[in-house]
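Contents: one structure, followed by commentary.
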Amino acid sequence: MPAQDKSLYPRIYKVVRQVPRGRVASYGQIAEIVGAGCDARMVGYAMAATPEGSDVPWQRIVNREGKISLPGQGGEIQRMRLEAEGVTFGARNRIDMKRFGWAGSDSPEKESPAATQPSLF
DNA sequence: CTAGTGACCCAAC
DNA sequence: GGTTGGGCCACTA
């Protein structure tokens, strides 16, 4: 962890906080919303530097594959917290981005994606 | 200024 | 479906 940025963090945190409960977003998605010289990697930095006591739902941020990118025990914690929010993991610890993927603050979420599940599994 | 790194992403084989 | 390689941006030494 050679980098410890701070200037872009508040910006990224603000976007991450907009992710509704029971929904997940990808790093690239957050980076795109933040724009201004921010990419998926920077989002990863910000998440890594996010204190646990913070109100930032860093657990809702996963990679493009809908999988946990955080290695080690942190990944286990993230998965546990997501399940507690209603996010279900498919095979290989993968999340169905089709249902739980956050379309953005512009898309109105009618109901919990878990409730609209067509019982595939 | 150059080099190295990172909870990533995408195109191509 | 898989792997390979390059690109991306900000930050630190």
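Numbers restart at 1 for each chain; the letters A, B, ... are given by sequence-line order, proteins then strands.
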Gap in Å between the two P atoms, one belonging to B/dA12 and one to C/dC8, rounded: 15 Å

All side chain to side chain contact (heavy atoms under 4.5 Å, CB included) counterparts of A/Lys14, not counting sequence neighbours: A/Gln18

Listed partners of A/Glu85 passing side chain to side chain donor-acceptor pair (under 3.5 Å), at least two apart: A/Gln59, A/Arg60

Results of side chain to side chain donor-acceptor pair (under 3.5 Å) for A/Asp39 - residues two or more places apart only: none

Atom-to-atom span, CD1 of A/Ile12 to C1' of B/dC8 - whole angstrom: 12 Å

Which nucleotide in B/dA7, B/dG6, C/dG2 has an atom nearest any side-chain atom of A/Arg92: C/dG2

Positions of residues 73-84 of chain A (non-hydrogen atom under 4.0 Å from DNA chain B), listed by number: A/Gln78

Nearest-Å distance for atom pair OH/P, residues A/Tyr45 and C/dC11: 10 Å

Residues which pass salt bridge (Lys or Arg N to Asp or Glu O under 4.0 Å) with A/Arg17, listed by chain and number, not counting sequence neighbours: A/Asp55

Interatomic distance, A/Asp39 CG vs C/dC9 P [rounded to whole Å]: 7 Å

Nucleotide B/dC8, atom P - distance to CH2 of A/Trp58 in whole Å: 13 Å

Side chains of A/Thr50 and A/Tyr13, donor plus acceptor under 3.5 Å: yes

For residues 20-32 of chain A, dump all side-chain donor-acceptor pairs below 3.5 Å to protein atoms at least two apart in sequence or in another chain.
{"residue": "A/Ser26", "atom": "OG", "partner": "A/Gln29", "partner atom": "N", "Å": "3.2"}
{"residue": "A/Ser26", "atom": "OG", "partner": "A/Arg64", "partner atom": "NH1", "Å": "3.0"}

Filtered N/O pairs between nucleotides 9-13 of chain B and protein, under 3.5 Å:
{"residue": "B/dC9", "atom": "OP1", "partner": "A/Arg64", "partner atom": "N", "Å": "3.3"}
{"residue": "B/dC9", "atom": "OP2", "partner": "A/Arg64", "partner atom": "N", "Å": "3.0"}

Contacts of A/Glu76 that satisfy side chain to side chain contact (heavy atoms under 4.5 Å, CB included) - sequence neighbours left out: none

Integer-rounded Å distance: C/dA10 P and A/Ile30 CD1: 17 Å

Spacing between A/Met42 atom CE and C/dA10 atom P, to the nearest angstrom: 8 Å

Residue list, side chain to side chain donor-acceptor pair (under 3.5 Å) with A/Arg11, at least two apart or on another chain: none

